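Okay, so here's the structure we're looking at.
Just so we're on the same page: letters track the sequence lines, and every chain starts at 1. Quick caveat, the model's predicted, so the values are computed rather than measured.
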There are 2 protein chains.
Amino acid sequence: MERADVIPLLGEVFRAHGFEGASLSAITAGTGLGKGSLYHFFPGGKEEMAAAVLQDIDGWFERAVFAPLRDEPDAAAAIRASLAAVEQYFRSGRRVCLVGVFALGEVRDRFADEVEGYFARWRAALAAALQRAGRPEAEARDTAEDAVLTIQGALVLARALDDPAVFTRALARLEHRLFG
Amino acid sequence: MERADVIPLLGEVFRAHGFEGASLSAITAGTGLGKGSLYHFFPGGKEEMAAAVLQDIDGWFERAVFAPLRDEPDAAAAIRASLAAVEQYFRSGRRVCLVGVFALGEVRDRFADEVEGYFARWRAALAAALQRAGRPEAEARDTAEDAVLTIQGALVLARALDDPAVFTRALARLEHRLFG
DNA sequence: GCGACTCTGTACCAATCAGTACACACAAAA
DNA sequence: TTTTGTGTGTACTGATTGGTACAGAGTCGC
């Protein structure tokens with residue numbers, strides 16, 4: 001087992017329990033690794049584990065969502081593709097956003113840069129794509145903010161009501177709002 | 001100090017730390033009460049405290065938001081009033097939704113009925129108001145769901161970016177979407 | 001075979017956890 | 001003034017917390 005293999009497992013543990021709720025015993029259970037291995041890979045303990053997970057998630061979104069949104073020549077297609085990627089990433093509403101979970105807790109402050117950067121870059125990348133698709137700058141910024149927050153809210157409500165369809169419907173409405 | 005006085009303080013502690021993160025010492029610090037008093041008021045411990053807080057919040061929303069939405073003859077005015085109440089309750093984005101925080105954590109399952117009921121009744125009440133305001137049923141349901149999830153997402157994003165204005169803007173856009 | 005290095009299990013630590021027990025303060029009622 | 005009942009502080013419990021120490025296991029190149 002390598003360090004890189006552990007990070008996704010850690011992600012699921014933090015997703016399920018939050019940062020404070022993710023006890024070392026929950027982490028060992030969720031990863032199948034003992035404390036020895038855990039502290040070998042992450043000498044900084046829980047904090048380093050969480051930082052690694054955040055960086056991993058950020059990297060994925062940067063590659064699969066933010067960069068295409070910024071660089072893809074066909075902006076409209078990039079936006080549609082990003083929505084599809086997001087829907088798949090969050091398992092159609094069955095999975096929760098770790099960064100959002102962290103944002104709501106008091107851990108937010110400890111990972112302020114990571115949390116803020118993630119959402120700020122998402123919003124900025126989407127705004128850039130919308131502008132390239134022809135929207136005026138102010139409207140593009142507003143619409144991008146609305147889209148990001150809709151996705152987050154949809155995840156909250158889907159989990160609250162234990163109904164993934166809430167997320168699916170919200171994404172469908174969002175796409176319609178962005179293009180219809 | 002009476003039991004009723006403690007509940008709002010408990011609410012703020014749970015808001016700040018989440019359920020798992022709200023240690024007894026955080027609770028005593030936040031409420032100014034010792035364990036003796038705490039367990040005198042809430043023999044069931046943290047679980048009973050959280051249940052009382054959820055019930056308190058639910059009661060406030062039922063009175064100030066859900067019931068007017070269902071019963072007020074002027075549906076449009078009721079919707080506008082509910083938005084204003086929500087904006088004030090969440091301190092224009094500086095406060096977070098406890099029920100949303102619980103929904104994202106693993107505590108959700110322990111308080112499944114309360115969490116589910118809160119959001120389900122919010123959505124239903126708003127849908128009823130929209131229908132009375134003239135929207136067809138399916139559209140009213142969709143729009144209500146969108147509104148509730150927008151509010152939740154706005155709270156997440158506002159806290160993530162440490163920018164309450166995100167919430168204010170989202171509410172303004174939402175009102176425009178509901179009436180414009 | 002030999003070290004060298006990466007990985008892992010176990011025993012251990014002080015601190016903190018949620019929760020209990022109980023004596024006592026303080027009030028209103030008698 | 002005594003009684004009764006509602007609060008409250010403190011000391012304690014066993015369990016669990018995050019973290020450390022360290023002896024080994026496994027696997028390399030040599």
Side-chain angles (χ1 to χ4, degrees), chain A residues 1-56 98 101-102 104-112 114-115, chain B residues 1-56 98 101-102 104-112 114-115:
Chain A
M1 179 93 69
E2 292 182 27
R3 199 186 119 114
D5 302 324
V6 188
I7 294 177
L9 300 174
L10 285 175
E12 295 311 312
V13 175
F14 282 124
R15 233 180 272 276
H17 299 84
F19 181 77
E20 357 246 356
S23 67
L24 260 295
S25 70
I27 294 175
T28 59
T31 59
L33 260 54
K35 288 189 186 187
S37 313
L38 252 13
Y39 276 87
H40 172 71
F41 290 132
F42 309 95
K46 265 177 76 174
E47 178 124 5
E48 188 175 342
M49 298 179 205
V53 168
L54 284 178
Q55 197 186 344
D56 184 61
L98 217 216
V101 171
F102 273 33
L104 286 181
E106 56 156 10
V107 257
R108 195 217 90 101
D109 302 324
R110 226 189 302 192
F111 300 102
E114 289 88 340
V115 169
Chain B
M1 180 91 72
E2 290 181 30
R3 200 186 118 113
D5 302 324
V6 187
I7 294 177
L9 299 174
L10 285 175
E12 295 311 312
V13 176
F14 283 123
R15 233 180 272 275
H17 300 83
F19 182 77
E20 355 245 0
S23 67
L24 259 296
S25 70
I27 295 175
T28 58
T31 58
L33 259 54
K35 289 190 188 186
S37 311
L38 252 13
Y39 276 85
H40 173 69
F41 289 133
F42 308 95
K46 267 176 74 175
E47 180 125 5
E48 188 174 343
M49 299 180 207
V53 168
L54 283 178
Q55 197 186 345
D56 184 61
L98 215 217
V101 171
F102 273 33
L104 286 181
E106 55 156 8
V107 258
R108 195 218 90 101
D109 302 324
R110 224 188 305 192
F111 298 102
E114 289 87 341
V115 169

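The distance from atom NZ of Lys46(B) to atom CG of Leu24(B), rounded to the nearest 0.5 Å, is 7.0 Å. To the nearest 0.5 Å, atom CD1 of residue Ile7(B) and atom CZ of residue Phe14(B) are 11.0 Å apart. Atom CZ of Phe41(B) and atom CE of Met49(B) lie 11.0 Å apart (nearest 0.5 Å). With rounding to the nearest 0.5 angstrom, the NE2 atom of His17(A) is 11.5 Å from the CD atom of Glu12(A). To the nearest 0.5 Å, the span separating CZ on Arg3(B) from CG on Leu33(B) amounts to 12.5 Å.
Across all non-hydrogen atoms, the minimal contact from Thr31(B) to Met1(B) is O-CE, 4.1 Å.
Taking a heavy-atom distance under 4.0 Å as the criterion, the stretch of DNA chain D touched by chain B extends 5' to 3' from dT6(D) to dT10(D).
Electrostatic pairing of Glu20(B) and Arg110(B) does not count as a salt bridge here, judged by no charged N lying under 4.0 Å from a carboxylate O.
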Scoring nucleotides 13-22 of chain C by protein non-hydrogen atoms under 4.0 Å (B base, S sugar-phosphate only, - none) yields ----SBBB--
